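Structure first, then comments.
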Amino acid sequence: MATFNYTGTSHSVFILLGIPGLEEQHLWISLPFFISYLVALFGNIILILVIITERSLHEPMYLFLCMLAAADLILSTTTVPKALAVFWFRAGAISLDGCVTQIFFIHATFIAESGILLAMAFDRYVAICDPLHYSTVLGHVVIVRIGLAVVLRSFCVILPDVFLVKRLPFCHSNVLPHTYCEHMAVARFACADIRVNVWYGLSVLLSTVVLDALLILVSYGLILHAVFHLPSRGARQKALGTCGSHLGVISMFYLPGIFTIITQRFGHHVPLHTHILLANVCMLAPPMLNPIIYGIKTRQIRERVLSTLSSQWKLC
């Protein structure tokens with residue numbers, strides 16, 4: 001087998017190891033990856049089809065959910081198939097251009113999901129705190145503009161990452177102990193100053209995902225303040241019920257990421273394979289669980305899916 005570990009020139013090919021230290025268990029580790037990907041694939045496709053085909057679901061909350069499902073499909077498809085190729089066939093070779101492409105789509109989609117969750121929090125805020133102006137504030141034109149803003153923000157802030165990685169010379173080891181290419185994981189293998197990469201990556205994180213999370217906290221603080229001032233208990237329960245599924249999705253998106261950042265910053269004695277597994281949870285859990293959470297918690301979606309399945313069962 002040809003080796004790619006050479007020095008004196010910039011590498012054009014990298015080797016993804018998968019989960020370092022657990023190579024003998026790759027086949028077993030691949031099972032939850034594969035099952036999670038299938039659930040994410042079929043769950044999000046069904047969610048998108050149901051929302052598109054059911055006119056009664058053409059409301060802001062469901063249209064934002066459709067955007068989130070599309071982002072989940074991109075995020076999971078960008079990472080999991082290559083990880084499975086590493087686990088099953090040891091096909092870890094990936095070109096520098098392929099690695100940069102993966103970096104772009106992973107980070108851009110992650111930031112887009114954060115923006116969509118912020119838009120969904122704003123939707124709940126208007127629905128509960130200013131219901132009389134809901135249809136005016138969140139018309140279809142506004143939703144289209146929000147969707148375009150989310151996409152453009154993600155594209156504009158992540159595109160420099162492509163050039164920041166492409167400019168680096170890679171003359172050390174080209175073996176990446178990971179299942180996918182991640183900006184800083186790749187930059188650390190460069191034989192050049194990467195302070196620009198570090199500070200730009202931190203500024204992007206603070207100005208997008210962290211800012212979105214803070215704004216979501218503010219919006220839900222205002223929502224809870226409004227809910228607990230409603231006159232009837234039934235109205236309070238109904239209002240909280242409409243936010244339950246969104247809060248679950250927010251938790252699954254932000255909490256694994258926060259935990260991963262904490263372990264990377266302070267968990268110096270945590271094994272490398274634990275860091276890699278936590279990073280993969282951030283990529284796998286939201287796309288898999290989002291359609292399940294909304295399918296169970298949202299009556300309109302649940303009824304539509306069940307009626308479609310029952311009609312297909314009768315035809316069979």
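Treat the numbers as computed from the prediction; the structure is a model and nothing was measured.
N280 places a side-chain N or O within 3.5 Å of a backbone atom of I276 that can act as its donor or acceptor partner. Put simply, the side chain of Q102 gets close to the backbone of T78: a donor and an acceptor are under 3.5 Å apart. When atom types are taken as modelled, the side chain of H183 and the backbone of G201 share no donor-acceptor pair closer than 3.5 angstrom. Looking at R153, its side chain does come within 3.5 Å of a backbone N or O of I111 through a donor-acceptor pair. Remark: side-chain polar atoms of N290 are paired, donor with acceptor, to backbone N or O of P286 under 3.5 angstrom.
Between Y200 and V204, the closest side-chain pair of non-hydrogen atoms falls below 4.5 Å. Side chains of S203 and L206 form no contact here, defined as non-hydrogen atoms less than 4.5 Å apart. A heavy-atom distance below 4.5 Å is found between the side chains of Y134 and D123.
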Practice task
Verify side-chain contact (heavy atoms from CB on, under 4.5 Å) between T53 and R304, making sure each step is shown before the conclusion.
Solution key: CA-CA 10 Å; T53 56; R304 177 63 177 171; 3.9 Å; yes
Problem - Derivation and outcome, side-chain contact (heavy atoms from CB on, under 4.5 Å), residues D212 and L117 - result: CA-CA 8 Å; D212 291 347; L117 289 175; over 6 Å; no
Handout entry: Step-by-step side chain to side chain donor-acceptor pair (under 3.5 Å) determination, T77 to Y37
Key = CA-CA 8 Å; T77 302; Y37 182 58; 3.2 Å; yes
Exercise for the section: Step by step, work out the side-chain contact (heavy atoms from CB on, under 4.5 Å) result for L214 and V218. Expected result: CA-CA 6 Å; L214 292 175; V218 170; 5.6 Å; no
Practice task
Determine, step by step, whether E182 and I106 satisfy the side-chain contact (heavy atoms from CB on, under 4.5 Å) criterion, reporting the C-alpha distance in whole Å, the side-chain angles of both residues, the deciding distance to 0.1 Å, and the verdict.
Solution key: CA-CA 8 Å; E182 192 269 330; I106 289 172; over 6 Å; no
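Applying the salt bridge (charged side-chain N to carboxylate O under 4.0 Å, His left out) definition to pairs two or more places apart or across chains, those involving residues 184-203 are D193-R195.
Interatomic distance, CZ of F228 versus CD1 of I223, reported as 12.0 Å (0.5 Å rounding). Interatomic distance, Y62 OH to E59 CD, rounded to the nearest 0.5 Å: 6.0 Å. Here the NE2 atom belonging to H140 is positioned 10.5 Å from the CG atom belonging to L138, to the nearest 0.5 angstrom. Taking CD1 of I48 as the start and CG of D72 as the end, the distance is 8.5 Å to the nearest 0.5 Å. The CE atom of M288 sits 6.0 Å away from atom CD1 of I292, with the distance rounded to the nearest 0.5 Å. Interatomic distance, OG1 of T179 versus CG of L17, reported as 10.5 Å (0.5 Å rounding).
Closest approach of L47 to A69, counting heavy atoms only: CD2-CB, 4.2 Å. Closest approach of V186 and I103 over heavy atoms only: CG2-CD1, 4.1 Å. The nearest pair of heavy atoms linking L176 to C181 is CD1-SG, 4.2 Å. For A119 against I146, the heavy-atom pair with the smallest separation is CB-CG2, 3.8 Å. For S251 against P256, the heavy-atom pair with the smallest separation is O-CD, 3.5 Å. The nearest pair of heavy atoms linking H26 to I19 is NE2-N, 3.1 Å.
Other residues, nucleotides and ligands contribute at most 12 non-hydrogen atoms within 6.0 Å of the CZ atom of F105. For R145, the CZ atom counts as loosely surrounded, since its 6.0 Å shell holds 12 or fewer non-hydrogen atoms of other residues, nucleotides or ligands. Atom OH of Y125 has 12 or fewer heavy atoms from other residues, nucleotides or ligands within 6.0 Å.
Note: Y180 and H178 have tilted aromatic rings, judged against thresholds of 30 and 60 degrees for the angle between ring planes.
Side-chain N/O atoms of Y254 and S114 include a donor and acceptor closer than 3.5 Å.
Residue L41 is not grouped with residue I74 when hydrophobic side chains (ILVMFWY) are merged at heavy-atom distances under 4.5 angstrom, including chains of intermediate members. A continuous path of hydrophobic side-chain contacts links M61 to I128 [ILVMFWY only; heavy atoms under 4.5 Å]. Residue L38 is not grouped with residue I35 when hydrophobic side chains (ILVMFWY) are merged at heavy-atom distances under 4.5 angstrom, including chains of intermediate members. Residues I143 and L152 fall into different hydrophobic clusters, defined by Ile, Leu, Val, Met, Phe, Trp and Tyr side chains chained together at heavy-atom separations under 4.5 Å. Follow the hydrophobic side-chain contacts under 4.5 Å out from L68 and you never reach V80; the two are in separate clusters.
Of the listed residues (Y220, Y294, F253, F64), just one forms a ring pair (Phe, Tyr, Trp, His ring centres under 6.0 Å) with H246, and that residue is Y220.
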Counting only pairs under 3.5 Å, give me each side-chain donor-acceptor contact of residues 27-34, with atom names and distances, residues two or more places apart or in other chains.
{"residue": "S30", "atom": "OG", "partner": "L27", "partner atom": "O", "Å": "2.5"}
{"residue": "S30", "atom": "OG", "partner": "W88", "partner atom": "NE1", "Å": "2.9"}

For residues 157-168, tabulate all N or O donor-acceptor pairs below 3.5 Å that involve a side-chain atom, not counting sequence neighbours.
{"residue": "K166", "atom": "NZ", "partner": "D97", "partner atom": "OD1", "Å": "2.6"}
{"residue": "R167", "atom": "NE", "partner": "L164", "partner atom": "O", "Å": "3.4"}
{"residue": "R167", "atom": "NH2", "partner": "N197", "partner atom": "OD1", "Å": "2.8"}

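Centroid-to-centroid, the aromatic rings of F189 and H11 stay 6.0 Å apart or farther.
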